[in-house]
Amino acid sequence: MVWEVRLMEAPVYEESYLYRLRHSAAHLMAQALTELYPGIKLAIGPPIENGFYYDVDSSVPIREEDLTKIEVKMKELAKLDQRIVRIVAEDRDAARTKILEETTLGQGPEVAEYKLQLLEAVPDGQEISFYDQQRTDRAGVLHRFIDLCRGPHVDTTKEVKHFKLMSIAGAYWRGDVKNKQLTRIYGTAFETQEELETHLHNLEEARKRDHRILGRELGLFMFSPRVGPGLPLWLPKGATLRDTMVGFLKDEQLKRGYEPVVTPQIASIRLYEKSGHVITYKDKMFPFMEDEEKETYILKPMNCPFHIEIYQSQMRSYRDLPVRYAEFGTVHRYEQSGEVTGILRARGFTQDDAHLFVRPDQLLEEFIGVVDLMKTVLNRLGLKDFKARLGTKDPASDKYIGHDDNWTAATSAIEQACQKMGVDYFVSVGDAAFYGPKLDLIIKDALGRDWQMGTVQVDYNLPERFELEYIGEDSKPHRPIMIHRAPFGSLERMIGLLTEQYAGAFPFWLAPVQIAILPISDRHVDAAKELYLKLRDTHKLRVQVDERRETLGKKIREAQLQKVPYMLVLGDRDIEMGTVGVRSREDGDLGAMTLEAFIEKITPSR
RNA sequence: GCCGAAGUAGCUCAGGGGUAGAGCAGCUGUUUUGUAAACAGCGGGUCGCGGGUUCGAAUCCUGUCUUCGGCUCCA
């Protein structure tokens, strides 16, 4: 079993030359912007994973076409060989004076608006530093560009040579929607031109792994404007892939004592009033529906309330617990228009959902069981590059509900389960659900963006709201705890991520078409069809015959581009000898072998 | 939702006020093929959609929809 966690390399990166270089590139850009857009207000400009950005507040809109102009100005300023000098302010007051008098470059105090706010946020006792880009011109005049900054930087602007401005975006000041939206300019910088070019090339390559492109090329799913944004249509191959994944997980869940349930797509608003979702979740729901009798219905955004109704439909004894209800439940959420992203973020999607109703003394054991299931799932899917995140309560926030004792017990159960199962996780304070702590799996997509996949959440809230009970050994009613869990997270997101991870070349057991039979000419088609039926019916494999009158080369090429794991070439020689010409997606021509030998060969990968 | 950008044939893209183009795919015919693209011919587009400017709009302006990169939010 593999449960490998790649730790972030952030500490190393932050001490690196590259980090300083990018930081200085950000400052250089700020200097260029200040010259090109007088009156522009600088906010923050840090190095990031693949480059840097600077947030600015400009009265003139900055467009993508302006980037070249800014780049040219940056190159000009870089060549001036400005020394980058660190200056430490004596105290906060001195720093404030410095910001107002020296960083504003005579443009008026208002350009320092954000810098002054940043200064206030510096904790007492922490050193307040500035970085000054300075040079003396031929006339002996000293030119400076001073910016409040923690640093560190490179020694001179001359070192900033290999960079490119990438894009423009809006970004809220301090990441808060209530604040003004600033203009963020993203750039990337490297130590050498080769590294820069490699990075740009890698971005191009990553685009080819994009699940939205592969999804179309491989015939997995599509979108139609007549259906609506974020509402995927699953094509035969994509639906086959889904069925395979669902079948695998259903088998696993059966082994682990889950029971299937099925629930409707809509429900009376009363169900969601009871669950509290109408208040906390209303703006993420599709508009409500009203029938002729004035009953309001909601398109379901989550499955839990339905499973709770089933739990409550009968008296539960402590002996009945844990109860584990599983459903591949399709839900609809009205995601904001700008956040819909292919099938990674859709408005309609199917969760591999289950709810476990457990006694407090069963919490740890059940949690371990779920973590074990998740490990099994990740192994089977072949996902190795992920992180496990324990989301805990932020003590400073008041958005959480429930008793502290419960939070402590639940958090401890998760930690113990992870330790027992050998799961490395990192703690993220404030990433708990409002009703309890959770463990999430985070995976990166082709473009390096983090996505939350599988999740396990402990919930004391819904049992409370629905007044769930079981009769204990003492003949008295007790309250069960709920565990929400989804090992995939959603089929859509998981398939999207798998597509990118494998660049469409799914492992044999998952591949929508596992084998392509390629008859060489018309006279081999009958034998091909015979072989097809044998593989499909006797060996339960997913097979296609390419009976078009095309050359073998063309058929191979297309099967290869469709990422079919095995191709079986069938010609005169094979029919005569009773063999098939086997070609593998990865290793090319494997030569002729008997069907039995081929079946034996592929058996381990099924 | 907000900021920035893009929508031309099924796909990838060119054209940029004066009769819509290429390659691939598709169709028809010829070829009967042994490990990544046979050959020839043909068809195919209200240039996302609405409004405006103009003698004339795919092209300019405007609105809108969808998509893409971010922000915020999330499985």
Side-chain angles (χ1 to χ4, degrees), chain A residues 53 55 58 61-67 166-186 203 207 210 212-213 216-217 222-230 281 283-284 301-302 329 331 333-347 349-353 431 433 440-443 447 449-455 457 484 486-494 496-497 518-525 549-561 567-574 581-585 588-592:
Chain A
Y53 67 79
D55 283 351
S58 170
I62 300 174
R63 296 174 202 292
E64 226 142 88
E65 61 193 44
D66 301 325
L67 292 181
M166 305 296 286
S167 62
I168 295 180
Y172 301 105
W173 168 236
R174 289 190 157 148
D176 191 333
V177 263
K178 293 193 286 286
N179 290 339
K180 179 161 188 184
Q181 191 166 49
L182 308 175
T183 303
R184 175 171 296 179
I185 305 178
Y186 282 96
L203 283 179
R207 264 176 48 76
D210 190 313
R212 289 164 295 198
I213 293 170
R216 188 188 58 238
E217 287 177 355
M222 60 171 278
F223 291 91
S224 162
R226 274 189 291 274
V227 175
Y281 215 76
D283 56 346
K284 304 217 78 181
M302 39 194 58
V331 296
R333 299 181 184 174
Y334 195 78
E335 303 291 350
Q336 294 190 71
S337 55
E339 8 184 70
V340 172
T341 304
I343 54 171
L344 293 182
R345 186 86 180 263
R347 281 181 170 166
F349 58 96
T350 302
Q351 297 179 304
D352 54 331
D353 212 356
D431 263 326
D440 298 318
L441 296 175
I442 316 286
I443 304 183
L447 272 62
R449 300 175 291 203
D450 277 343
W451 294 92
Q452 182 188 318
M453 310 300 292
T455 182
Q457 312 180 355
H484 308 245
F488 295 152
S490 77
L491 284 167
E492 283 73 11
R493 188 170 283 183
M494 184 54 89
L497 261 297
L518 311 180
I520 287 177
S521 80
D522 285 356
R523 64 177 177 277
H524 310 117
V525 168
R549 292 175 55 170
E550 294 287 354
T551 59
L552 180 64
K554 176 136 181 169
K555 291 178 181 182
I556 285 172
R557 178 180 158 80
E558 290 186 4
Q560 199 74 41
L561 291 173
M567 288 147 257
L568 299 183
V569 176
L570 210 54
D572 290 335
R573 273 196 331 247
D574 300 291
V582 178
R583 182 188 166 92
S584 106
R585 177 179 65 189
D589 191 359
L590 301 179

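In what follows, every heavy atom counts, from backbone to side chain, and hydrogens, waters and symmetry copies are set aside.
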> For the side chain of D440(A) and the backbone of M453(A), is there at least one donor-acceptor N/O pair under 3.5 Å apart?
Replying inline: no
With both distances under 3.5 angstrom, what nucleotide forms a Watson-Crick or G-U wobble pair with [N]?
N      : answer
G45(B) : none
C68(B) : G4(B)
A38(B) : U30(B)

Using the [atom1] atoms only, state how far [M] lies from [N], rounded to an integer number of Å.
N      : M      : atom1 : result
G51(B) : C71(B) : C1'   : 32 Å
U59(B) : G52(B) : P     : 14 Å
G48(B) : G16(B) : P     : 16 Å
U53(B) : U19(B) : P     : 23 Å
G69(B) : U32(B) : C1'   : 50 Å
G45(B) : C49(B) : C1'   : 15 Å
A5(B)  : G63(B) : P     : 14 Å
A22(B) : C65(B) : C1'   : 29 Å

>> Between R174(A) and D176(A), does the salt bridge (charged side-chain N to carboxylate O under 4.0 Å, His left out) criterion hold? Intermediate values first, please.
In response: CA-CA 6 Å; R174(A) 289 190 157 148; D176(A) 191 333; over 6 Å; no
> For the base of G34(B), is there a side-chain donor-acceptor partner from D572(A) under 3.5 Å away?
Replying inline: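 No, the side chain and the base share no sub-3.5 Å donor-acceptor pair.
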> With distance as the sole criterion, do the side chain of R585(A) and the base of A36(B) form a donor-acceptor contact below 3.5 Å?
Replying inline: no
> On RNA chain B, nearest-nucleotide positions of L552(A) versus E217(A): which is more 5'?
Replying inline: E217(A)
>> Let me spell it out: for each of L182(A) and V582(A), pick the nucleotide of RNA chain B with the closest heavy atom. Which residue's pick is nearer the 5' end?
In response: L182(A)
First locate atom [atom1] of [X], then atom [atom2] of [Y], and finally report the distance between them rounded to the nearest 0.5 Å.
X       : Y       : atom1 : atom2 : value
R63(A)  : T183(A) : CZ    : OG1   : 10.5 Å
D572(A) : H524(A) : CG    : NE2   : 3.5 Å
Y172(A) : N179(A) : OH    : CG    : 10.5 Å
L570(A) : R523(A) : CG    : CZ    : 11.5 Å

Which whole-number value in Å describes the distance from [X] [atom1] to [N] [atom2]?
X       : N      : atom1 : atom2 : value
L561(A) : C11(B) : CG    : C1'   : 13 Å
I556(A) : U35(B) : CD1   : C1'   : 3 Å
L518(A) : A37(B) : CG    : P     : 13 Å

> If the sugar-phosphate is the primed atoms plus P, OP1 and OP2 and the base is the rest, what is the B/S/- string for nucleotides 25-31 of chain B, using protein heavy atoms under 4.0 Å?
Replying inline: S-----B
> What string of B, S and - do you get for nucleotides 65-75 of chain B, 5' to 3', when a contact is any protein heavy atom under 4.0 Å?
Replying inline: -SSSBBBBBBB
> D522(A): what forms a side chain to side chain contact (heavy atoms under 4.5 Å, CB included) with it, not counting sequence neighbours?
Replying inline: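 So D522(A) forms a side chain to side chain contact (heavy atoms under 4.5 Å, CB included) with R549(A).
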With sequence neighbours excluded, tell me which residues meet side-chain hydrogen bond (donor to acceptor under 3.5 Å, both in side chains) with [X].
X       : result
Y281(A) : R333(A)
D450(A) : K444(A)
E339(A) : R345(A)

>> When you measure from the side-chain N and O atoms of R216(A) to the phosphate of G10(B), is any distance below 4.0 Å, counting only OP1 and OP2?
In response: no
